[in-house]
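Just so we're on the same page: letters track the sequence lines, and every chain starts at 1.
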Number of protein chains: 2
Amino acid sequence: MSGASGVSGVSGVHVTTLRRFNRYFTRRIGVLDDHYLGQDRPLGEARLLYEIGTGASLRELRTRLGLDAGYLSRMVRALEKQGLVRVTVHPADSRLRLAEPTPAGRAELAEQNRRADDLAEGLLRGLTETQRGQLTEAVAVTERLLRLAAITVRPVGAASPDARACLAGYAAELDERFPEGYAATDLVPPERIAALLVAYEEERAVGCGALCAPDAETAEIRHLWVHRDARGLGLGRRLLTGLERVAAERGHRVVRLDTHKVLKEAAAMYRSGGYTEIPAYDDNPHAGYWFEKPLTPAGTGPPGTH
Amino acid sequence: MSGASGVSGVSGVHVTTLRRFNRYFTRRIGVLDDHYLGQDRPLGEARLLYEIGTGASLRELRTRLGLDAGYLSRMVRALEKQGLVRVTVHPADSRLRLAEPTPAGRAELAEQNRRADDLAEGLLRGLTETQRGQLTEAVAVTERLLRLAAITVRPVGAASPDARACLAGYAAELDERFPEGYAATDLVPPERIAALLVAYEEERAVGCGALCAPDAETAEIRHLWVHRDARGLGLGRRLLTGLERVAAERGHRVVRLDTHKVLKEAAAMYRSGGYTEIPAYDDNPHAGYWFEKPLTPAGTGPPGTH
DNA sequence: CATAATCTTTGACTTTAGTCAAGGATTCGC
DNA sequence: GCGAATCCTTGACTAAAGTCAAAGATTATG
């Protein structure tokens with residue numbers, strides 16, 4: 001029916017299988033879901049209540065649900081009239097409104113949840129325990145890969161808000177994990193960052209990696225970090241190879257990096273990514289391993305995803 | 001958040017994973033899909049055009065899409081006015097109307113298809129070839145298990161339309177596969193069928209199996225069949241065990257069956273299901289193997305899915 | 001501190017989606 | 001061949017979903 005293989009190099013089998021699944025899934029599960037969750041309530045309101053969850057600003061809801069401001073305003077008002085949510089002014093910015101569920105709203109959310117659980121249970125009840133395990137496994141793999149596929153890695157200014165947010169997240173996490181702690185002042189100052197890549201999952205920054213250029217020959221990778229929510233997807237590796245490509249494009253011939261003794265997974269990733277351990281090249285008090293890897297000149301190999 | 005494990009015996013991990021996936025998938029893919037496929041057209045019309053495909057009766061469309069008759073009638077009329085479909089009277093039954101796409105409609109369908117392909121390709125492009133393979137595999141397993149979970153097996157009168165349709169499908173297929181052919185008159189007449197199970201996938205009969213009772217001691221399984229579209233799901237086994245349970249409930253102590261030399265897969269399934277080959281117990285000209293299996297009395301073991 | 005930008009509300013719409021019931025045209029079942 | 005059932009159409013609605021623009025209240029910015 002549809003073309004066997006596009007110019008993109010994506011095989012037609014994959015496209016066909018994914019499309020068939022998509023059709024099947026949205027038709028069967030999506031429909032059920034909408035029908036049961038909404039129950040006596042218009043779907044829009046049910047979804048809105050769900051997204052409000054334990055509380056959210058209208059602005060957030062507007063972008064998350066992609067709704068018109070006027071439409072949202074009215075729906076929130078409707079939920080408020082039904083006694084399901086309470087709307088307050090944001091304490092710091094009084095242009096913003098915050099919506100949070102009342103006890104009645106929470107009860108309704110719990111009921112929504114119960115029904116969704118029932119739905120899932122009903123589905124699984126038709127399978128043997130072995131099959132349930134297989135389904136869970138397959139579903140987890142699917143989700144992981146779909147998420148990974150949706151993440152884009154882009155170069156970003158080192159002083160941009162997304163970059164700062166990621167670096168702050170990085171520092172905060174290291175401060176937790178390092179016995180000696182980690183201060184924001186331990187970060188490389190923006191002006192010494194030669195390039196910075198940020199990974200975006202649906203416009204949300206979920207990881208970063210910086211490149212410094214101590215000299216023309218050598219590049220140094222620093223602050224490679226992936227947000228907790230996006231771990232286990234293979235994103236660290238993607239950021240790493242992305243940084244290597246940038247370094248190669250800029251004419252560097254070798255890339256080096258260090259990592260803390262505590263971060264065993266990181267060290268393992270570097271080793272399996274072609275890095276070899278070398279003697280200390282600086283006196284970074286947080287470093288426990290130093291690695292380097294020769295770069296193949298830019299232009300070799302296929303163009304990567306950007 | 002949600003209960004760890006319901007009374008149903010379905011573990012909470014499975015429920016949670018499935019729900020999370022459902023949420024993620026419908027939000028991310030479903031939304032995209034609707035948005036792209038519809039384009040300038042209301043979703044309802046786009047979906048209708050899609051379901052019309054190369055042609056379909058309004059009655060079929062109505063049940064497939066679950067629409068109100070009046071609503072459907074008007075939407076079809078709208079598509080007709082836009083020059084996308086043509087409606088004709090069914091040649092055999094002039095109550096029925098057939099809708100088929102005009103060249104313009106076909107062009108629009110092709111465009112829909114192209115966009116859906118693009119969407120899937122765009123998704124897959126973010127993955128390595130290995131990952132694409134993993135995704136395709138995981139997605140296939142998921143679909144297979146979700147389908148299987150949705151199939152119900154019910155006892156049905158041997159003369160009911162569903163039963164007749166299945167038996168006709170069975171006969172037609174055997175006629176194709178047996179070198180000596182198979183006539184509808186080779187089927188067991190309805191009055192000699194003691195019980196008949198039909199498997200339903202969303203109200204469509206996709207498999208059957210009959211039970212005869214030559215004597216109080218012995219039950220005989222016949223006409224076990226699964227529709228092509230529903231093969232590879234493990235449905236044959238489910239019908240088989242269902243029939244065995246019915247036989248046990250009726251007090252039979254042994255169940256027997258035969259199968260054609262050509263149907264190697266069937267023989268393999270019987271063997272792995274606890275059947276042992278025995279000498280011919282009748283002179284069925286189509287039989288090549290004869291099997292039997294002792295039954296454990298009813299009431300033993302957990303109650304099964306009905 | 002004026003001006004621009006942001007966030008929300010409100011009024012006035014339109015479009016989509018869907019329901020219900022009456023009735024005409026056929027076909028089925030006895 | 002007659003009544004029941006089936007399939008479709010039409011009229012008359014309702015509710016949900018969504019759009020657009022104007023305007024009020026704040027907050028950011030040069």
**Asked** Starting at CZ of B/Arg59 and ending at P of C/dT26, how long is that distance when rounded to a whole Å?
**Response** 18 Å
**Request:** Among the candidates D/dT19, D/dC8, C/dT27, find the nucleotide nearest to the side-chain atoms of B/Leu58.
**Result:** D/dC8
**Item:** Lys/Arg-Asp/Glu bridge criterion (N-O < 4.0 Å) met for A/Arg147, A/Glu201
**Value:** yes
**Request:** Could you check whether B/Gly44 gets within reach of a base, just the sugar-phosphate, or nothing at all, counting any heavy atom under 4.0 Å?
**Result:** sugar-phosphate
**Prompt:** Can you tell which of C/dT9, C/dT19, D/dT10 lies closest to the side chain of B/Ser73?
**Reply:** D/dT10
**Prompt:** When you match A/Gly70 and A/Ala92 each to their closest nucleotide on DNA chain D, which lands nearer the 5' end?
**Reply:** A/Gly70
**Request:** Measure the distance from CG on A/Asp68 to C1' on C/dT8 and round it to the nearest whole Å.
**Result:** 11 Å
**Request:** Look at A/Arg62 and C/dT8 and indicate whether a side-chain polar atom (N or O) is within less than 4.0 Å of OP1 or OP2.
**Result:** yes
**Prompt:** Is A/Arg97 side chain donor-acceptor paired with the C/dT8 base, going by distance under 3.5 Å alone?
**Reply:** no
**Request:** Have a look at B/Arg77 and say if it touches a base, only the backbone sugar-phosphate, or nothing, with a 4.0 Å heavy-atom cut-off.
**Result:** sugar-phosphate
**Prompt:** On DNA chain D, nearest-nucleotide positions of B/Ser57 versus A/Arg95: which is more 5'?
**Reply:** B/Ser57
**Message:** How many whole angstroms separate atom CG of B/Leu65 from atom C1' of C/dT19?
**Reply:** 17 Å
**Request:** Round to the nearest Å and state the distance from B/Leu72 atom CG to D/dT10 atom C1'.
**Result:** 14 Å
**Request:** Classify the angle between the aromatic ring planes of B/Tyr182 and B/Tyr170 as parallel (below 30°), tilted (30 to 60°) or perpendicular (above 60°).
**Result:** perpendicular
**Request:** Measure the distance from CG on A/Asp40 to P on D/dA16 and round it to the nearest whole Å.
**Result:** 11 Å
**Request:** Take the protein atom CG of B/Leu43 and the nucleotide atom P of C/dA17, then report the distance between them rounded to whole Å.
**Result:** 6 Å
**Asked** Rounded to the Å, how far apart are A/Met75 CE and D/dA16 P?
**Response** 12 Å
**Request:** Would you please confirm or rule out a distance under 4.0 Å between OP1 or OP2 of D/dT27 and any side-chain N or O of A/Ser94?
**Result:** yes
**Asked** To the nearest 0.5 Å, how far apart are CD1 in B/Ile52 and CZ in B/Arg47?
**Response** 14.0 Å
**d(CZ, B/Arg41; P, C/dA17) in whole Å** = 12 Å
**Asked** Between B/Arg86 and B/Glu80, does at least one N-O distance fall below 4.0 Å, as a salt bridge requires?
**Response** no
**Request:** Report which part of the nucleic acid A/Arg74 touches: base, sugar-phosphate, or nothing (heavy-atom distance under 4.0 Å, all strands).
**Result:** base
**Message:** Walk me through whether B/Arg23 and A/Tyr50 qualify under side-chain hydrogen bond (donor to acceptor under 3.5 Å, both in side chains).
**Reply:** CA-CA 11 Å; B/Arg23 211 153 47 229; A/Tyr50 180 84; 3.0 Å; yes
